[in-house]
Amino acid sequence: MQIEIREVCPGDEAVFYRVAEDVFDEPVSPSRLSACLAGPGHHLIVAVVDGEVVGQCAAMIHRHPDKATELYIDNLGVAPAFQRRGIGRKMVERMLALGKAKGCEEVWVGTEPDNVAARGLYEALDLRGDEAENFVMYVYYL
């Protein structure tokens, strides 16, 4: 099985004609996909097997006037049939390299406290940093 890990950019929308179930939280919308790929500071890494997207890692670069530029890993998903094969780790490592190349000095990612698989991945990364932090998140609908 050949796994291709690659960044997708504007014009790569055809890569998403075949997406495995549970890679994204919702079905991919063509208009949202195009806006995401065109958005400045938005980055998307995918894992492709036999022409099907089986994993994705989405991130954004945040530039601040008062602190280091940071990469925020917003979402990571791997189709259940392809989990536990290192695909998530490879995508995150590729995203970290991309962030570093774009001038990011820090990276942050959050997950639910009971998401054991995600926490295992993030804690196993060989990065210098602190332990997981507790924080409160609010979601508002506009």
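Owing to the predicted nature of the structure, the values given are computational and were not obtained by experimental measurement.
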(message) So that I can tick it off, tell me whether Asp50 and Arg18 are bridged by a salt bridge, with the cut-off set at under 4.0 angstrom between side-chain N and carboxylate O.
(response) no

(request) Find the distance between CD (Glu70) and CD (Glu105) and round it off to the nearest 0.5 Å. (result) 10.5 Å

(request) Kindly work out whether a path of hydrophobic side-chain contacts (I/L/V/M/F/W/Y, heavy atoms less than 4.5 Å apart) joins Val53 to Val8. (result) yes

(request) Show your working on side chain to side chain contact (heavy atoms under 4.5 Å, CB included) between Leu37 and Glu13 and close with a plain yes or no. (result) CA-CA 8 Å; Leu37 296 180; Glu13 287 83 357; 3.8 Å; yes

(request) From the options Ile73, Ile5, Leu96, Ile3, select the one residue that forms a side-chain contact (heavy atoms from CB on, under 4.5 Å) with Met91. (result) Ile5

(request) Applying side chain to side chain contact (heavy atoms under 4.5 Å, CB included), run through Leu71 and Met95 and close with a yes or a no. (result) CA-CA 9 Å; Leu71 179 71; Met95 189 63 79; 3.8 Å; yes

(request) Assess whether side chain to side chain contact (heavy atoms under 4.5 Å, CB included) is satisfied between Leu44 and Gln56, documenting all intermediate values. (result) CA-CA 7 Å; Leu44 186 58; Gln56 60 87 17; 3.8 Å; yes

(request) Taking all heavy atoms of Val78 and all of Gln83, pick out the closest pair and write down the distance. (result) O-NE2, 2.9 Å

(request) Please round to the nearest 0.5 Å and tell me the distance separating atom NZ of Lys90 and atom SG of Cys57. (result) 14.5 Å

(request) Indicate if Val54 and Leu33 have the same hydrophobic cluster label, given that clusters are the connected sets of ILVMFWY residues with side-chain heavy-atom separations under 4.5 angstrom. (result) no

(message) Please find the pair of heavy atoms, one from Thr111 and one from Ala118, that lie closest to each other, and give the distance.
(response) OG1-CB, 3.6 Å

(request) Can you measure from NZ (Lys102) to CZ (Arg63) and round to the nearest 0.5 angstrom? (result) 8.5 Å

(message) Parallel, tilted or perpendicular, judged at 30° and 60°: which one describes the rings of Tyr72 and Trp108?
(response) parallel

(message) Donor-acceptor check, side chain of Arg6 to backbone of Ile45, threshold 3.5 angstrom: yes or no?
(response) no

(message) Before you tell me yes or no, could you show the steps for Gln2 and Val49 under side chain to side chain contact (heavy atoms under 4.5 Å, CB included), namely the whole-Å CA-CA distance, both residues' side-chain angles and the distance that decides it to 0.1 Å?
(response) CA-CA 6 Å; Gln2 182 84 353; Val49 174; over 6 Å; no

(message) Please tell me whether Phe16 and Val23 are part of a single hydrophobic cluster in this structure, the criterion being side-chain heavy atoms less than 4.5 Å apart.
(response) yes

(request) Work out which heavy atom in Ala79 is nearest to a heavy atom in Ala20; give both atom names and the distance. (result) CB-CB, 3.6 Å

(message) How long is the straight-line distance from NE2 of His64 back to CD of Glu106, given to the nearest 0.5 Å?
(response) 8.5 Å

(message) Membership question, hydrophobic clusters at under 4.5 Å side-chain separation (ILVMFWY): are Val28 and Val48 in the same one?
(response) yes

(request) Could you tell me whether the side chain of Phe82 reaches within less than 4.5 Å of the side chain of Met1, counting heavy atoms only? (result) yes

(message) Are more than 12 heavy atoms, taken from residues, nucleotides or ligands other than Glu21, located less than 6.0 Å from that residue's CD atom?
(response) no

(request) Could you grab the distance from atom CG of Asp74 to atom NE2 of His43, nearest 0.5 Å is fine? (result) 12.5 Å

(request) Give, for atom CG of Leu125 and atom CD of Glu93, the distance between the pair rounded to the nearest 0.5 Å. (result) 6.5 Å

(message) Closer than 3.5 angstrom, by distance alone: can the side chain of Arg84 be matched with the main-chain N or O of Pro80 as a donor-acceptor pair?
(response) no

(request) Look at the side chain of Asp12 and the backbone N and O of Val15, then say whether any donor-acceptor pair between them is shorter than 3.5 Å. (result) no

(message) Taking side-chain contact (heavy atoms from CB on, under 4.5 Å) as the criterion, tell me which of Val92, Val109, Ile87 meets it with Leu76.
(response) Val92

